[in-house]
Student: 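Here it is: the structure, laid out below.
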Amino acid sequence: MKAAVIEAPGKVTVTTVPDPTPGPREVVVDVAACGLCGTDLHILQGEFAPRLPIVPGHEFAGEVVGLGTEVTELAIGDRVAVDPSLYCNECRYCRNGRNNLCDRWAAIGVTVAGGAAEYAVAPVANCVRLPEHVDVANAALIEPLSCAVRGYDVLNARIGANVLIYGSGTMGLMMLELAKRTGAASVDIIDLNPERLATAEKLGCSRAAASAEEFQQPAGWQVVIDATGNAAAIQDGLDRVAKAGTFLQFGVADYATTATISPYRIYNQEITITGSMAVLHSFERAADLFATGVLDPQVFISHRLPLDDYPRALAQFAAGQGRKIVIVP
């Protein structure tokens with residue numbers, strides 16, 4: 001079969017690899033769509049994936065075309081979205097229900113071959129069957145949505161909060177949609193990309209600007225979310241949190257990224273700084289939300305490109321062009 005392969009840092013090709021064979025409790029998925037993510041760029045940079053080469057792609061959905069010998073929950077022809085998370089279920093974090101912090105954390109498309117291919121293998125337990133009205137070509141959005149749902153679980157935001165989001169790419173826009181539906185009094189968006197800001201305005205943010213200074217809100221915001229992973233945005237966001245407010249590090253930063261905090265301010269103003277790591281008990285809820293139409297795929301997916309264009313798609317994504325870029329094998 002044909003697949004994209006990150007062979008070494010900075011090197012990605014589309015080539016032929018062996019067809020996948022499912023284990024007893026696995027299925028083979030004919031990939032209908034695979035989304036690109038910032039994690040894929042980190043893998044290309046030589047981060048996150050423990051070893052290369054790797055077939056990337058952890059945001060994907062498709063049709064079941066092969067069954068392991070012990071699979072009874074799904075049938076050939078079922079359309080599924082795939083949770084890429086792989087846990088050991090043995091370490092103390094898994095035993096305490098914090099599987100996303102698993103000591104042996106792994107993921108489809110990060111540690112094992114993923115969905116940037118014609119076919120992909122997934123544990124049957126990771127597959128969520130899609131209702132008939134959901135277009136499988138759009139269902140690659142469910143995985144990033146599940147990360148956003150996890151982010152809001154961590155926030156545990158109070159109704160009526162004023163929210164500030166850094167970044168209006170896919171994840172920032174998803175956080176916007178969830179903030180609107182979880183009782184935020186206002187949701188302001190910051191981005192340097194005018195096209196992305198225009199999309200945030202289209203989706204109904206309260207205000208959009210290139211800098212928080214433009215909002216003239218010296219008291220800050222009760223909830224500040226970084227969805228960029230950018231050092232300058234993170235630093236600015238930390239300084240915008242109101243008293244008793246919360247800063248959520250949601251964007252994925254490079255390993256070397258650092259920021260400066262004021263311990264006295266955190267103590268004196270009772271500021272919470274927290275993070276959200278991938279998916280945790282949120283994939284099924286995201287699939288249910290997606291089925292209700294919480295996201296408009298026509299807005300969120302800006303490009304659909306063939307698998308042969310995977311290297312170009314990564315370069316386009318790295319340049320900040322478009323929103324969610326989806327590969328169609």
Side-chain angles (χ1 to χ4, degrees), residues 1-20 29-49 51-62 81-82 84 107-120 135-144 147 167-174 191-199 227-230 251-254 295 297-329:
M1 70 170 183
K2 187 183 295 184
V5 179
I6 296 177
E7 298 180 350
K11 183 180 181 182
V12 57
T13 61
V14 178
T15 186
T16 299
V17 301
D19 290 344
V29 177
D30 183 348
V31 179
C34 178
L36 267 60
C37 169
T39 296
D40 299 315
L41 293 180
H42 285 282
I43 295 172
L44 183 62
Q45 294 163 2
E47 297 183 338
F48 294 7
R51 55 190 172 274
L52 300 175
I54 189 76
V55 176
H58 58 278
E59 303 176 358
F60 67 99
V82 178
I108 301 169
V110 180
T111 59
V112 299
E118 293 178 305
Y119 302 97
D135 188 341
V136 70
N138 297 327
L141 290 171
I142 292 174
E143 195 280 338
C147 294
S168 54
T170 300
M171 301 313 301
L173 295 177
M174 287 187 176
D191 203 303
L192 298 177
N193 186 319
E195 181 182 351
R196 289 184 171 180
L197 281 181
T199 303
T228 69
N230 175 272
V252 181
D254 293 336
L295 304 179
Q298 302 307 313
V299 173
F300 275 81
I301 299 175
S302 60
H303 296 79
R304 299 179 192 268
L305 300 174
L307 180 58
D308 284 336
D309 285 351
Y310 189 87
R312 180 170 69 87
L314 268 185
Q316 179 178 326
F317 182 70
Q321 299 172 5
R323 294 174 298 282
K324 177 58 67 178
I325 298 174
V326 169
I327 296 298
V328 182

Student: Got a sec, which residues hit salt bridge (charged side-chain N to carboxylate O under 4.0 Å, His left out) with D30, two or more places apart in sequence or on another chain?
Tutor: none

Student: Please name the pair of heavy atoms, one in P56 and one in A4, separated by the smallest distance, quoted to 0.1 Å.
Tutor: CD-O, 3.3 Å

Student: To the nearest 0.5 Å, how far apart are CZ in R196 and CG in L173?
Tutor: 8.5 Å

Student: Measuring from atom CE of M174 to atom CZ of F300, what distance do you get when rounded to the nearest 0.5 angstrom?
Tutor: 5.5 Å

Student: Is there side-chain contact between P194 and L197, with heavy atoms separated by less than 4.5 Å?
Tutor: no

Student: Between R304 and I301, which heavy-atom pair has the shortest distance, and what is it?
Tutor: NH2-CD1, 3.6 Å

Student: Using side chain to side chain donor-acceptor pair (under 3.5 Å) as the criterion, list what pairs up with E47, not counting sequence neighbours.
Tutor: H42

Student: Under the salt bridge (charged side-chain N to carboxylate O under 4.0 Å, His left out) test, which residues partner R312, sequence neighbours left out?
Tutor: D309

Student: Do any pairs count as a side chain to side chain donor-acceptor pair (under 3.5 Å) and have a residue in residues 108-119, sequence neighbours left out, and if so which ones?
Tutor: none

Student: Applying the side-chain contact (heavy atoms from CB on, under 4.5 Å) criterion to L41, which one of V252, D254, L314 satisfies it?
Tutor: L314

Student: Is the backbone of S168 close enough, under 3.5 Å, to the side chain of D191 for a donor and an acceptor to pair up by distance?
Tutor: yes

Student: Hey, what do you get for CG (D40) to OH (Y310), rounding to the nearest 0.5 Å?
Tutor: 4.0 Å

Student: What pair of heavy atoms forms the shortest contact from G57 to C34, and how long is it?
Tutor: CA-SG, 3.5 Å

Student: Minimum heavy-atom separation for G115 to A120, with atom names?
Tutor: CA-CB, 4.1 Å

Student: Taking only distance into account, with no hydrogens and no angle test, what donor-acceptor pairs under 3.5 Å do side-chain atoms of residues 8-20 form with protein atoms, sequence neighbours excluded?
Tutor:
unit_1	atom_1	unit_2	atom_2	d
K11	NZ	E7	OE1	3.2
T13	OG1	E7	OE2	2.8
D19	OD1	M1	N	2.9

Student: Would you be so kind as to tabulate the donor-acceptor pairs closer than 3.5 Å made by side chains of residues 322-329, with sequence neighbours excluded?
Tutor:
unit_1	atom_1	unit_2	atom_2	d
R323	NE	V299	O	2.5
R323	NH2	V299	O	3.1
K324	NZ	L36	O	2.7
K324	NZ	E59	OE1	2.9
K324	NZ	E59	OE2	3.4

Student: Between A117 and L307, what is the shortest heavy-atom contact and its length?
Tutor: CA-CD2, 4.1 Å

Student: Nearest 0.5 angstrom please: T170 OG1 to L141 CG, how far?
Tutor: 7.5 Å

Student: Minimum heavy-atom separation for L52 to I54, with atom names?
Tutor: CD2-CG2, 3.5 Å

